[in-house]
Amino acid sequence: MGAGIAFGVTLIIGLLAAVFPHVWMKPFTSDPNVQEMGSLYLRTVAPAYGAIGLGLALYFGSQGTKRVLLPVLA
């Protein structure tokens, strides 16, 4: 259940970053070239944030059970 919630939250954040990349880039730089490159990165990579959130939640859950060998190998 927790992994599903982590997946959903990070997926929503990733999709928002992919759809509105300039909103996420403006607080960090005012250089238009940097904003464009950062926006390209977010449009390309941010939709995968859900999978990263899922993987992290499952890995940390496995740490709680003291069985981390298989997640580390994966």
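Under the 4.5 Å side-chain heavy-atom criterion for Ile, Leu, Val, Met, Phe, Trp and Tyr, M37 and V45 are members of distinct hydrophobic clusters. Taking hydrophobic clusters as Ile, Leu, Val, Met, Phe, Trp and Tyr residues chained together by side-chain heavy-atom distances below 4.5 Å, V68 does not share a cluster with L54. In the hydrophobic clustering of this structure, L15 does not group with V23; members are Ile, Leu, Val, Met, Phe, Trp, Tyr whose side-chain heavy atoms approach within less than 4.5 Å, directly or through other members.
Here the closest heavy-atom approach between residue W24 and residue F20 is recorded as CD1-O, 2.9 Å. Between L42 and A17 the shortest heavy-atom distance is CB-O, 3.8 Å.
To the nearest 0.5 Å, atom CG of residue L40 and atom CE of residue M25 are 10.5 Å apart. Between the NE2 atom of H22 and the CD atom of E36 there is a distance of 5.0 Å, given to the nearest 0.5 Å.
Remark: Y59 pairs with Q63 by the side-chain hydrogen bond (donor to acceptor under 3.5 Å, both in side chains) rule, at least two apart or across chains.
Grouped with L69 in one hydrophobic cluster are L73, the linkage being side-chain heavy-atom contacts under 4.5 Å among Ile, Leu, Val, Met, Phe, Trp and Tyr residues.
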For residues 2-12, dump all side-chain donor-acceptor pairs below 3.5 Å to protein atoms at least two apart in sequence or in another chain.
{"residue": "T10", "atom": "OG1", "partner": "A6", "partner atom": "O", "Å": "2.7"}
{"residue": "T10", "atom": "OG1", "partner": "F7", "partner atom": "O", "Å": "3.3"}
{"residue": "T10", "atom": "OG1", "partner": "Y49", "partner atom": "O", "Å": "3.3"}

